[in-house]
Every structure is written in structure tokens, then in C-alpha cells.
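All values reported here derive from a predicted model rather than from experimental measurement.
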Amino acid sequence: MEQNLDVDEIWRALKPWGRYQIRQLSFMWVAILLTALHLLVVVFNGYTPQFQCAEISPTNHNSSINSTYDVTYDECSVTISYNQSNSSHTTTSCLNGYKYNAHDDISSFVTEGLLLSSVTLCVETLPMEWRFVAEVTGVVSWTTGIVMLTPLSYIMQTFSWRYLELLLALLSVYSLVEYWLFDESLRWLMANGRLGEAEKVVRKAAKMNKMSFDQVIGIVKAKMREMEALDKENGAILVASDSDAVIETYIPKNTEVKKYSMIDILRDRLILINSIVIWFVWVTNSLTYTGLNLITPTLYGNRFVNFFLLGAIEYLSALTEFLLINRIGRKKTLIILMGIAGASLLISTLISSLQGDNSALGYLATFFVLMGKYGITGAFSSVFLFTSELYPTNLRNSGYGFACAFASIGGVLAPFANTFHRYVAWGPGVVFSIMCFLSAIMTFYLPETRGRELPTSIEELKMWYKEHSGIQTSGTKQNKDFVEPKMN
């Protein structure tokens with residue numbers, strides 16, 4: 001198979017939603033669903049009910065048995081006040097352990113003691129005009145995992161948390177055979193000159209989609225000749241769409257296979273600036289999304305119902321992303337959803353601070369937290385797709401890795417949201433809101449990637465960034481030649 005064949009044209013010739021592509025995506029959807037179960041089960045297995053020190057005998061701490069006393073039990077200490085002529089106080093630790101709220105009849109480890117590759121494969125298994133669908137269906141799969149987790153956790157809440165972990169482990173036995181189920185990314189194989197393996201993938205896909213290998217290659221070459229002829233006739237390939245989108249067809253002339261490292265990102269100033277922006281957006285999304293999941297028990301209402309609703313709302317996020325991301329672009333979608341998340345969480349925080357004993361305000365505050373979860377979920381999903389389109393093929397998975405390394409900062413900080421909430425009830429909401437607003441503003445600097453072929457080399461990426469990065473290019477008028485895919 002030839003090196004210079006257009007990968008997107010190969011996928012188009014194979015029919016974007018053929019049996020092969022659906023098979024590959026299905027394996028990834030299952031993997032994503034199981035990942036959601038394991039990552040978020042900590043909300044239930046690590047649940048901390050209301051507790052205080054267990055009762056002790058105050059007479060053991062004072063020689064005067066006849067003295068009267070008052071005992072105050074806190075979460076981590078016991079204070080004994082003796083009413084004598086010379087009153088005194090004694091503070092001690094929880095000598096007899098802890099006493100948990102009788103209404104929380106549950107078991108958790110408190111009361112005793114894959115994803116990146118899937119995303120990359122998803123977006124590289126479909127042509128340009130269908131990449132957004134791969135990302136949206138991935139969100140649906142993730143959300144289904146969250147929704148499934150709620151009834152499982154509720155049913156097993158009175159058993160040891162170990163049994164729930166064991167159940168989830170049994171559901172994940174599938175992961176033992178994943179290596180033999182997935183095929184390597186065709187785009188990655190082509191970009192790295194592994195043409196023999198690439199040909200095997202195309203032949204396998206053609207057979208499953210009831211086509212012949214020669215037929216597929218013939219269609220691809222004919223389309224590339226047509227595009228080359230159009231290029232020569234017009235002097236340049238027709239571009240674009242609205243003020244933020246550009247259409248280009250990737251027709252590689254150079255068959256040299258180039259290897260890149262993350263150092264290449266740090267060397268170029270423009271690529272580095274755009275990367276810093278996207279890294280901050282990842283930190284914000286990771287911190288806010290994970291933080292909202294972990295503070296579920298602090299919301300007004302039943303914690304199981306709240307967690308279920310916080311999960312189910314993500315279906316609406318997926319629908320919104322599906323409707324917007326290919327119509328108005330990745331950048332605008334991300335900005336809108338980050339703005340919704342920031343505004344909703346700020347309103348929820350304000351209502352919570354005025355709530356008092358008013359249950360109506362409590363439920364209203366929870367509603368706005370749901371709206372914040374709706375916004376941040378759509379934004380998080382959008383940034384997954386956006387990031388994949390901002391890096392060339394041989395840096396794409398590494399780009400994800402670098403972004404997720406920064407996102408892990410948010411993941412590490414998120415568990416402290418609960419503790420922060422105890423001391424400063426309005427703190428987490430304000431922090432989440434400010435970071436969401438900052439991320440929305442910073443995203444204006446990034447280039448729009450809708451309708452653009454995935455870059456293969458650093459050179460292509462640099463040329464694209466120089467022409468389309470920054471707020472100053474957002475007003476540039478361009479001719480439209482983008483047709484949205486028909487939803488047959």
C-alpha cells in the first residue's frame with residue numbers, strides 16, 4: 001500500500017459506519033463504560049457519613065469521681081468540662097473509636113479502611129466529518145457507566161465496600177482480551193510508514209464492510225486525483241466556512257516518516273502558547289468535573305438520587321455537543337459550555353449561602369449544580385476532541401498524555417473540595433466558577449479546527465497555527481465549502 005494515500009479518503013471509501021468501524025468503536029465504548037464505573041465508585045466506597053467520637057467514661061480521667069462534668073463529642077476529640085471550685089477542661093482523642101450516624105446504614109472503606117488511547121482510537125477510526133460523533137458516543141458510554149453505578153451502589157450499600165469492588169472487577173474481565181480485539185490506528189500506521197500492517201487493517205475493514213481492497217484503493221486514488229486537479233485549476237484548495245472554520249484536504253507529497261517528541265512542542269513559541277492554554281482548560285475541566293462528583297454527598301437531598309441525576313444530566317450534555325460542535329465549531333461550543341458551568345456554579349453558591357433552613361432554596365441550589373455539571377461535562381468532552389485536532393499524528397497520543405498530566409493536577413486537588421467545603425462552604429463553587437470563566441476567555445486564543453483534516457506533521461501544524469491562532473483571526477471572512485454529514 002502506498003504511503004501518500006489520504007487516510008480520511010480511505011475511511012470514506014470504506015463507508016464511515018461500516019461493520020468494521022462499528023465493531024472497533026463498540027469495543028472502545030465498552031472500555032469507556034467500565035472506566036467510568038471504576039473511577040467514580042470512590043464516591044460510594046469512600047463515602048464519609050456524619051460521625052463523632054464514641055462514648056468514653058469521664059471518671060477515668062479525673063480522680064474526683066463525685067465531681068459533675070459535661071462531655072462534648074467532636075469528630076476527632078472529646079472535651080470533658082469538670083464543674084468544681086477550680087473548673088478544668090480535659091481534651092482527649094477518640095479512645096473508643098468512632099460512632100457513625102445511625103441513619104447512614106452503609107459500609108464504605110471509611111467506616112472500616114485506558115481512557116486516553118480509547119479517545120485517540122475513536123477519533124482516528126472515522127473521517128473528518130464524523131469525528132465529533134465518535135467523541136459524543138464516547139460520552140454516552142461514559143455516562144451510562146455512571147448511571148449504572150448508582151443502582152449497583154445502592155443495592156450493595158449495606159455490604160462491605162469490597163463486594164462492590166469485586167463485582168466491578170468481574171464486570172471488567174473483558175479488559176483481559178482487549179489487546180486481541182482492537183486493531184492499531186490506521187492513521188498512526190500510515191504516518192509511521194508501517195504500510196504492511198496498514199494494508200492488513202484496510203483489507204480486514206474492506207472484507208467486513210463487504211468491499212474489495214482494490215475497490216477501496218481505486219476510489220481513494222480517484223478522489224485524490226480529482227482533488228489534485230482542482231488544486232491545480234484553482235491555485236489552492238477551496239477553504240472554509242464561517243469566520244472560525246477552514247476546510248483543507250490533506251494530500252501528503254512527502255513520504256518521509258518523521259518522529260517527534262514532546263520537546264518539539266516546547267521549541268515552537270506558538271505551539272507552546274496554544275498548548276499552555278489547552279493544559280489550563282484541562283486542569284479546569286478535571287478539577288470541576290471530578291470535584292462536582294465528589295461533593296455529591298454535600299448537596300441538598302438524597303445522595304444516591306443526586307449522584308444519579310448528576311450522571312443522567314450528562315446525556316443532555318452529549319446531545320448538546322452533538323448538535324453544536326459540528327455546526328458552530330469546537331471553540332465556540334467549548335466557550336459556551338464553560339460559561340454555562342461557571343455561571344451555574346456561581347449562582348448555586350450564592351443560593352446556598354442564603355439557604356438557611358429553606359428546603360426550596362436547597363433544591364434550587366442543587367438544580368444549578370446539575371446545570372454546572374451539564375456544562376462542564378459537555379466542555380470536558382469537547383476538549384478531548386479539540387485536543388486531538390491540535391496535534392499531529394505522531395504527537396497526538398503524547399499530546400493527550402501531556403494534557404492529562406496537567407489534568408491530573410485537577411484530579412489530585414478535587415478530593416480536597418469536600419474538606420474545603422466543610423470549612424468554607426462557598427469556597428469550591430467560587431474556585432470552580434472562576435477557573436471556568438478564565439478557561440472560556442483563554443479559549444478565544446485557540447484556532448478553530450472544525451472541518452480540518454488531522455495534521456500529520458509539525459510543519460503542517462505550524463503553518464495552521466500561524467494563520468489561524470489568536471483572537472485577531474476570528475473576524476476573518478472566508479468562503480464556505482463545508483457540507484455537514486447527512487444523518488442517515
K.L.:
I'd like to know if the side chain of Ser381 and the backbone of Thr377 have a donor-acceptor N/O pair within less than 3.5 Å.
P.N.:
no
K.L.:
May I have the list of side-chain donor-acceptor pairs in residues 333-348 shorter than 3.5 Å, sequence neighbours left out?
P.N.:
from   : atom 1 : to     : atom 2 : distance (Å)
Thr333 : OG1    : Gly329 : O      : 2.7
Ser344 : OG     : Ile340 : O      : 2.8
Ser348 : OG     : Ala365 : O      : 2.8

K.L.:
Does Ser317 have any side chain to side chain donor-acceptor pair (under 3.5 Å) partners at least two apart in sequence or in another chain, and if so, which?
P.N.:
none
K.L.:
Drop me the distance from Arg19's CZ to Arg23's CZ, to the nearest 0.5 angstrom.
P.N.:
9.5 Å
K.L.:
At their closest point, which heavy atom of Pro447 faces which heavy atom of Asn274, and how far apart are they?
P.N.:
CD-ND2, 4.1 Å
K.L.:
Report yes or no: does Asn293 contribute a side-chain atom to a donor-acceptor pair with the main-chain N or O of Tyr289 at less than 3.5 Å?
P.N.:
yes
K.L.:
Tell me the closest heavy-atom pair linking Asn285 and Val281, and the distance in Å.
P.N.:
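Scanning both residues, the minimum pair turns out to be ND2-O, 2.7 Å.
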K.L.:
Decide yes or no for Val277 and Phe280: does some side-chain heavy atom of the first lie under 4.5 Å from some side-chain heavy atom of the second?
P.N.:
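A side-chain contact is absent here, since even the closest heavy-atom pair is not under 4.5 Å.
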K.L.:
Identify the two heavy atoms, one from Leu292 and one from Gly372, that lie closest to each other, and give their separation to 0.1 Å.
P.N.:
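Nearest heavy atoms, Leu292 then Gly372: CD1-C, 4.1 Å.
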K.L.:
Can you check whether Leu350's main-chain N or O pairs, donor with acceptor, with Ser353's side chain at less than 3.5 Å?
P.N.:
yes
K.L.:
If you define the side chain from C-beta out and look only at heavy atoms, does anything of Val283 sit under 4.5 Å from Met435?
P.N.:
yes
K.L.:
Where the side chain of Glu448 meets the backbone of Lys331, is there a donor-acceptor pair that is under 3.5 Å apart?
P.N.:
yes
K.L.:
Is the backbone N or O of Thr137 less than 3.5 Å from a side-chain atom of Ser141, with the two atoms forming a donor-acceptor pair by type?
P.N.:
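Pair absent, no side-chain N/O of Ser141 close to backbone of Thr137.
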K.L.:
What do the steps show when you test Ile278 against Leu446 for side-chain contact (heavy atoms from CB on, under 4.5 Å), and what is the final call?
P.N.:
CA-CA 8 Å; Ile278 207 70; Leu446 297 174; 3.7 Å; yes
K.L.:
For the atom pair CH2 (Trp279) and OG (Ser275), what is the distance rounded to the nearest 0.5 Å?
P.N.:
5.0 Å
K.L.:
Is there a side-chain contact (heavy atoms from CB on, under 4.5 Å) between Arg327 and Leu323? Walk through the geometry before answering.
P.N.:
CA-CA 7 Å; Arg327 284 184 168 85; Leu323 294 175; 4.2 Å; yes
K.L.:
With side chains defined as the heavy atoms from C-beta onward, is the minimum distance between Tyr374 and Thr320 less than 4.5 Å?
P.N.:
yes
K.L.:
Once you round to the nearest 0.5 Å, how far does OG1 of Thr449 lie from CZ of Phe386?
P.N.:
5.0 Å
K.L.:
Find the distance between CZ (Arg450) and NZ (Lys332) and round it off to the nearest 0.5 Å.
P.N.:
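If I round to the nearest 0.5 Å, the distance is 8.0 Å.
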K.L.:
What heavy-atom pair brings Thr290 and Ser286 nearest, and what distance separates the two atoms?
P.N.:
OG1-O, 2.8 Å
K.L.:
Looking only at atom types and distance, does a side-chain atom of Arg330 sit under 3.5 Å from a main-chain N or O of Leu385, one as donor and one as acceptor?
P.N.:
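Such a contact is absent between Arg330 side chain and Leu385 backbone.
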K.L.:
Quick one: does any side-chain atom of Asn209 pair with a main-chain N or O of Tyr20 as donor and acceptor, under 3.5 Å?
P.N.:
yes
K.L.:
Are Phe307 and Leu299 close enough that some pair of their side-chain heavy atoms sits under 4.5 Å apart?
P.N.:
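A side-chain contact is absent here, since even the closest heavy-atom pair is not under 4.5 Å.
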K.L.:
Which value, rounded to the nearest 0.5 Å, describes the distance between Arg303 atom CZ and Phe308 atom CZ?
P.N.:
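Reported to 0.5 Å precision, the distance equals 16.0 Å.
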K.L.:
For a side-chain contact (heavy atoms from CB on, under 4.5 Å) check, start with the C-alpha distance between Gln21 and Trp11, then their side-chain angles and the critical distance, and finish with the verdict.
P.N.:
CA-CA 9 Å; Gln21 290 92 325; Trp11 287 126; 3.6 Å; yes
K.L.:
Run the side-chain contact (heavy atoms from CB on, under 4.5 Å) check on Val201 and Glu184 step by step: do they pass?
P.N.:
CA-CA 8 Å; Val201 171; Glu184 184 55 82; 5.5 Å; no
K.L.:
Step by step, work out the ring pair (Phe, Tyr, Trp, His ring centres under 6.0 Å) result for Trp282 and Phe384.
P.N.:
CA-CA 9 Å; Trp282 273 75; Phe384 265 93; 4.7 Å; yes
K.L.:
At their closest point, which heavy atom of Ile376 faces which heavy atom of Cys436, and how far apart are they?
P.N.:
CD1-SG, 3.9 Å
K.L.:
Could you check whether any side-chain heavy atom of Thr144 comes within less than 4.5 Å of a side-chain heavy atom of Glu314, counting everything from C-beta outward?
P.N.:
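Sidechains of Glu314 and Thr144: no contact.
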K.L.:
May I have all residue pairs that pass ring-ring contact (aromatic ring centres under 6.0 Å, His included) and include part of residues 331-368, sequence neighbours excluded?
P.N.:
Tyr300-Tyr363
K.L.:
For Leu186 and Ile10, work out which heavy atoms get closest and say how close.
P.N.:
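Taking every non-hydrogen atom into account, CD2-CG2, 3.8 Å.
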